[in-house]
Undergrad: 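Input: one structure, supplied below.
Remember, predicted model here, so these are calculated numbers, not experimental data. Quick note: numbers below take in every heavy atom, side chains included, and nothing from hydrogens, waters or symmetry partners.
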Amino acid sequence: MEYKYQLNKIKELNIASGQHYRGDCLFCLNRNTLSVRSENGRLSWNCFHANCDAKGSLSVSTTVDDLQNFLHSKTKPSIEQFSFTVPREFVTVYGNNKAREYIDKYQIENTEARLMYDVKQDRIVFLIEEEGTVVGAIGRALADDTFPKWYKYGTSSLPFMVGTNKYVGVLVEDCVSACKVALANLTGIAIMGTRLPDEYIVPIADKIDRCFVCLDKDATEKSFKIRDTLSYHIPSYVEMIDKDLKYYSINELKEWGEKICKKIG
């Protein structure tokens with residue numbers, strides 16, 4: 001659906017700053033599926049009906065020229081924006097026993113993720129890819145006394161994502177958990193902590209139709225804040241877990257993935 005058409009229809013609602021509208025969708029006409037918010041200088045809207053692709057956002061303080069530039073620009077980062085060369089220190093994980101043991105411990109070998117080993121920093125490396133191009137990486141220290149435990153290579157503003165399920169994604173704290181999500185036949189998204197960087201929002205919304213936020217129990221409040229942020233763009237939910245996904249067996253993951261899918265019909 002054309003963005004400019006959506007924007008014009010949304011503006012007809014005249015949502016004042018600080019207000020939230022929830023009602024029948026202006027585009028698919030389904031009942032009570034359209035959410036519109038005008039907060040912090042940004043107008044955002046999203047229809048939660050599965051067959052409606054109405055969604056978008058715009059800064060309400062932009063000038064006419066800014067608006068025209070926005071309407072004709074891409075909403076997601078292009079590969080050309082990132083410059084990353086895989087270091088020579090990155091080698092195959094199969095040549096290092098500690099890396100192999102780490103992969104075996106968490107059973108993350110059979111995912112779509114590309115894993116390498118950094119011989120210089122002694123880290124297992126999770127490559128961040130966009131359309132088949134490596135745009136960055138995240139490394140996990142294999143030695144317990146290494147600081148920081150997680151290290152980001154490059155300047156990519158894309159999260160580590162693994163999995164091919166475009167319908168359902170699960171947002172988690174780290175790359176290992178994201179790989180375990182992929183083993184549940186869902187798309188795993190690692191935000192490397194409990195805060196959702198602003199630059200991750202558009203790439204996430206571009207890759208999946210709906211998202212479950214699945215952080216540790218001690219980050220429950222942050223989980224709901226992340227859900228509220230993502231809900232401006234795609235249907236989002238909070239999913240509580242009894243134990244860290246990293247420690248789920250393959251069978252447990254499959255059962256868990258089926259339970260997630262049943263929640264959305």
Side-chain angles (χ1 to χ4, degrees), residues 1-62 66-67 69-71 73-77 157-159 161 165-173 186-215 219-239 260 263-265:
M1 189 184 308
E2 184 179 340
Y3 177 86
K4 190 172 183 179
Y5 169 73
Q6 292 187 51
L7 178 61
N8 289 335
K9 295 289 288 184
I10 293 298
K11 288 172 68 177
E12 291 177 1
L13 294 173
N14 293 319
I15 306 299
S17 178
Q19 290 189 344
H20 172 219
Y21 167 87
R22 182 66 182 260
D24 298 350
C25 182
L26 304 176
F27 310 101
C28 69
L29 306 181
N30 280 286
R31 293 181 58 82
N32 201 35
T33 59
L34 180 66
S35 173
V36 184
R37 292 180 181 270
S38 180
E39 295 179 341
N40 301 318
R42 180 163 293 275
L43 178 67
S44 304
W45 66 93
N46 178 68
C47 177
F48 295 100
H49 194 272
N51 296 324
C52 184
D53 60 357
K55 65 179 178 180
S57 64
L58 180 70
S59 172
V60 295
S61 60
T62 53
D66 290 336
L67 176 59
N69 290 334
F70 180 85
L71 292 174
S73 66
K74 293 183 178 179
T75 58
K76 65 176 181 177
S157 61
L158 298 176
M161 300 180 67
N165 190 328
K166 68 177 183 178
Y167 301 106
V168 184
V170 180
L171 189 149
V172 292
E173 294 185 24
L186 307 173
T187 292
I189 306 155
I191 60 173
M192 304 314 300
T194 57
R195 185 186 70 85
L196 176 64
D198 291 340
E199 61 268 24
Y200 285 4
I201 297 174
V202 170
I204 290 173
D206 183 67
K207 291 291 180 62
I208 57 174
D209 291 341
R210 50 185 56 81
C211 183
F212 285 83
V213 181
C214 191
L215 307 183
T220 299
E221 183 177 349
K222 294 180 179 179
S223 296
F224 282 98
K225 288 182 178 180
I226 291 174
R227 180 207 61 183
D228 292 343
T229 298
L230 284 175
S231 291
Y232 296 158
H233 304 270
I234 54 176
S236 301
Y237 323 88
V238 171
E239 178 66 18
I260 291 289
K263 288 188 175 183
I264 58 176

Undergrad: With sequence neighbours left out, write down each residue that passes ring-ring contact (aromatic ring centres under 6.0 Å, His included) with Y237, or none if nothing qualifies.
TA: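 Counting only residues at least two positions away or on another chain, Y237 forms a ring-ring contact (aromatic ring centres under 6.0 Å, His included) with F212.
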Undergrad: Does D24 offer a backbone N or O that forms a donor-acceptor pair with the side chain of N32 under 3.5 Å?
TA: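 Here the side-chain-to-backbone pair does not exist.
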Undergrad: Is P159 close to P203 at the side-chain level, that is, under 4.5 Å between some pair of heavy atoms?
TA: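 In short, these two side chains touch, coming nearer than 4.5 Å.
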Undergrad: Say whether, by atom type as modelled, one donor and one acceptor occur between the side chain of Q6 and the main chain of G56 under 3.5 angstrom.
TA: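 Pair absent, no side-chain N/O of Q6 close to backbone of G56.
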Undergrad: Does I201 reach the side chain of L196, with side-chain heavy atoms less than 4.5 Å apart?
TA: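 Answer yes - side chains close enough.
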Undergrad: Would H20 and S35 count as having a side-chain donor-acceptor pair, cut-off 3.5 Å?
TA: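 On atom types as modelled, these side chains qualify, holding a pair under 3.5 Å.
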Undergrad: Donor-acceptor check, side chain of K263 to backbone of E239, threshold 3.5 angstrom: yes or no?
TA: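 No, the answer is negative, given that no donor and acceptor are paired below the 3.5 Å cut-off.
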Undergrad: Report yes if the side chains of I191 and Y200 come closer than 4.5 Å at any heavy-atom pair, otherwise no.
TA: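 Counting from C-beta outward, I191 and Y200 do come under 4.5 Å.
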Undergrad: Do the non-hydrogen side-chain atoms of L13 and V36 ever get within less than 4.5 Å of each other?
TA: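 Side-chain contact under 4.5 Å: yes.
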Undergrad: From the options N14, I15, I10, select the one residue that forms a side chain to side chain contact (heavy atoms under 4.5 Å, CB included) with S38.
TA: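 When side chain to side chain contact (heavy atoms under 4.5 Å, CB included) is applied between S38 and each of N14, I15, I10, only I15 qualifies.
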Undergrad: Once rounded to the nearest 0.5 Å, what's the spacing between atom OG1 of T220 and atom CG of L215?
TA: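 So the gap between those two atoms works out to 8.5 Å.
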Undergrad: Taking atom OG1 of T187 and atom CD1 of I208, what is their separation to the nearest 0.5 Å?
TA: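 Reported to 0.5 Å precision, the distance equals 7.0 Å.
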Undergrad: Is there a side-chain contact between S57 and H233 in this structure, where contact means two heavy atoms from C-beta onward sitting under 4.5 Å apart?
TA: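 They are in contact (side-chain heavy atoms under 4.5 Å apart), so the answer is yes.
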Undergrad: Would a distance-only check, ignoring hydrogens and angles, find a side-chain to backbone donor-acceptor pair under 3.5 Å from N30 to T33?
TA: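 Side chain of N30 to backbone of T33: no pair is present.
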Undergrad: Within this structure, what is the OG1-CG distance for the pair T229 and D198, rounded to the nearest 0.5 Å?
TA: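 The CG atom of D198 is 8.0 Å from OG1 of T229, to the nearest 0.5 Å.
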Undergrad: Hey, are the side chains of L171 and L230 touching, using non-hydrogen atoms and a 4.5 Å cut-off?
TA: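 Yes, their side chains come closer than 4.5 Å.
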Undergrad: Please give me the minimum heavy-atom distance between V238 and S223, naming the atom from each residue.
TA: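 For V238 versus S223, the nearest heavy atoms are CG2-O, 3.7 Å.
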Undergrad: When rounded to the nearest 0.5 angstrom, what distance separates CD1 in I234 from CZ in R210?
TA: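 Those atoms lie 9.0 Å apart.
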Undergrad: Mind checking the NZ-NZ spacing from K166 to K207? Nearest 0.5 Å is all I need.
TA: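 Rounded to the nearest 0.5 Å, the NZ-NZ separation comes out at 13.0 Å.
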Undergrad: Are Y21 and W45 close enough, and set up right, to give a side chain to side chain contact (heavy atoms under 4.5 Å, CB included), and what steps lead you there?
TA: CA-CA 9 Å; Y21 167 87; W45 66 93; over 6 Å; no
Undergrad: Measuring from E221:CD to T194:OG1, what's the distance to the nearest 0.5 Å?
TA: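 E221 CD to T194 OG1: 10.5 Å, rounded to 0.5 Å.
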Undergrad: List the atom of A54, the atom of F27, and the distance in Å for their closest heavy-atom pair.
TA: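 Scanning both residues, the minimum pair turns out to be CB-CD1, 3.4 Å.
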Undergrad: Looking at every non-hydrogen atom in both residues, tell me the closest pair between C28 and H49 and how far apart they are.
TA: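 That would be SG-CB, 4.2 Å.
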Undergrad: Side-chain contact, heavy-atom cut-off 4.5 Å: L34 with L26?
TA: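 SC-SC contact between L34 and L26 confirmed.
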